[in-house]
Amino acid sequence: MTVSVISAGFQTTVQDCGRAGLRKFGVTPGGALDPISLRLANLLIGNLECTAGLECVSGRLRLRFHDERILAWSGGEFEVRVGDNLVPILHCARVSTDAEIEILPQRHGRAWLAISGGINVPEILGSRATDLRAHFGGWEGRALRDGDELPLGVESELCARVRDEIADQVSDWSAPRFVGRGKLLRIIRGKNWDDSTGRKLLAQTFRVAMNSDRMGLRLDGEEIAPASRRELVSEAVTPGTIQLPPSGAPVILLQGCQTIGGYPKIAHVITVDLGYAAQLQPLHEVGFELIELEEARQLLREREREIALFRAGLEARFG
Amino acid sequence: MKIDSLGDSALIINLADKISDSSGLLARVLSAAETIERAKLPGVIDVTSSYESVAVFFQITQLGPDFEDRIRALIASAGVRVSGKRRRVEIPVCYDEEFALDLKRVANHTSLTPDAIVALHSSAEYTVACIGFMPGFPFLAGLPQPLCVPRLESPRTKVSAGSVAIANAQAGVYPLESPGGWNVLGRTPLQLFRVNESPPTLLQPGDYVHFRRITRAEFDVFKQ
């Protein structure tokens, strides 16, 4: 079975939790820029949490279904409708044969749509995620276009049981929603952190530059001169790394980033806040708050525990 | 050995010391990365290496309490053993003008003739220090000193797949079409990144690489 893309929106891509274990080949982890949003939406409808779904950025995405499915979405401020019914964030909705769904951003940001059975494109290097930069994975290695027909996978029994519990069109249960701290991202020190550079990073509000993408957010603000002009030996970088190129304009690396880099790593956005960084679009404001490494790790453990609790609750109810 | 955190879910371990030269250091780095990967410690999801360092990526919820100590012990035990022999890979390159976009620029910088540049570039032995920047892109150490030329002042928005290029003390090959700021000297018909093969990259860290000059006609034959 397929789902028809009537209107592809802008830069809509097939994404899952990305590729693991391939950095030594220069292959980025990639996947959903906010993996937690995709995982929650998948869990809600009975999919395995890393099932491939759609990452929506802007423009109007319209899809037509040809069989019965359930879906859920998470992410930024979007309006999602199945026919005339509004689907609130992190709720399940039934989709009947020939139904149309529409996903429209209310403000800028990103949203992740999970469909029961998942988007069944071929797995490449262990994942169905689209690598836009290297042009592979997802649907033909590119963003969706009007008229694409995406293959859907077979629903699990769990999906069917969840569907049976939806009394009307939309579920009366939902997943926990994790809310960020507005325009503040929490960071920890990077290996090239120094206090004078760090103070300049913490003291101002930056604006996201136009040339930002899935690889990274380039930030405009008062220039930050690196403490040392010494050239560094290229080494590993990771999503969340804040690099400081000689231009003095910091870059926050996102999930689609390159695997190694040679610029100073002054700080890292903590993993728990990477999903909020993924909501930032050009011209948005962003600032930073410094926390300690152990606190960042504790927050991540707590976040994973909350997801595990939610998963266990669903299994108890539908499993 | 110096261990730093790389965000909240990775460590980066620098192995540089005052004793090793760059090739000895690379051998230790590769051996350490391989040893850590083979140990399959719980929670470890990726291990990668670069010129001087190894990075270990993990899922925090599955990590043992003595993780950092175990990493230290693994590196200490790794020595310089590298499994299997390091391979020698020959990369055919057509240096014809239509592919050698920056041969003149390099000639101006180095005061060498284009033929001398090609002769130097294709006679050196290179080592793959790491793969990165994009899938399958090899960072090659061993560029002859006279060929050290800075990057382009403003990067090209499009460099063709297969472009063989140099920048500062490094040589490399673009596996895919992409923006790029290195000086392009020629083009190889070989595919350096192949998603349906295992491993997906033609070159691996530690491989020795030679460039061999081919004609345009040979290039076309290779392409088929």
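On a predicted model such as this, the values are computed, not experimentally measured, just so you know.
- Between the CD atom in Glu235(A) and the OG atom in Ser49(B) there is a gap of 11.5 Å [rounded to 0.5 Å].
- Rounding to the nearest 0.5 Å gives a distance of 13.5 Å between SG of Cys130(B) and NZ of Lys24(A).
- With a 4.5 angstrom heavy-atom cutoff, Val237(A) touches chain B only via backbone atoms.
- Considering only heavy-atom pairs separated by less than 4.5 Å from chain A, the leading option among Gly136(B), Pro138(B), Pro135(B) is Pro135(B).
- The structure places CG of Asp8(B) at 6.5 Å from CD1 of Ile270(A), a figure rounded to the nearest 0.5 Å.
- Phe133(B) carries Arg133(A) over the face of its six-membered ring, with the cationic atom under 6.0 Å from the centre and within 45° of the normal.
- For Ser53(B), the part lying under 4.5 angstrom from a heavy atom of chain A is the side chain only.
- Phe57(B) CZ: more than 12 foreign heavy atoms inside a 6.0 Å radius.
- Taking all atoms of both residues into account, the shortest heavy-atom contact from Thr271(A) to Ser9(B) is OG1-OG, 3.7 Å.
- In the displayed structure, Glu294(A) atom CD is contacted under 6.0 Å by more than 12 heavy atoms of other residues, nucleotides or ligands.
- With chain A as the partner, the residue from Asn196(B), Ile12(B), Ile45(B) showing the most heavy-atom pairs under 4.5 Å is Ile12(B).
- Summarising the local packing, CG of Leu48(A) is surrounded by 12 or fewer heavy atoms from other residues, nucleotides or ligands at distances under 6.0 Å.
- Between Glu52(B) and Val233(A) the shortest heavy-atom distance is OE2-CG2, 3.7 Å.
- Ranked by heavy-atom pairs shorter than 4.5 Å toward chain B, the options Ile260(A), Val269(A), Ile242(A) are led by Ile260(A).
- In terms of non-hydrogen atom pairs under 4.5 Å with chain A, the most contact-rich of Thr61(B), Val47(B), Val195(B) is Val195(B).
- In this structure, no portion of Val44(B) lies under 4.5 Å from any heavy atom of chain A.
- Only the side chain of Leu176(B) comes within contact range of chain A, judged by heavy atoms closer than 4.5 Å.
- Residue contact with chain A, scored on non-hydrogen atoms closer than 4.5 Å, involves the side chain of Leu11(B) exclusively.
- To the nearest 0.5 Å, atom CZ of residue Arg194(B) and atom CZ of residue Phe25(A) are 10.0 Å apart.
- Atoms CG and CD1, on Leu22(A) and Ile131(B) in that order, are 12.5 Å from each other to the nearest 0.5 Å.
- For the atom pair Asn14(B) CG and Lys191(A) NZ, the distance stands at 5.0 Å (nearest 0.5 Å).
- There is no contact between Phe137(B) and chain A, counting heavy-atom distances below 4.5 Å.
- Between Leu6(B) and Ala236(A), the shortest heavy-atom distance links the atoms CD1-O, 3.7 Å.
- For chain A, no part of Gln59(B) is nearby; none of its heavy atoms comes within less than 4.5 Å.
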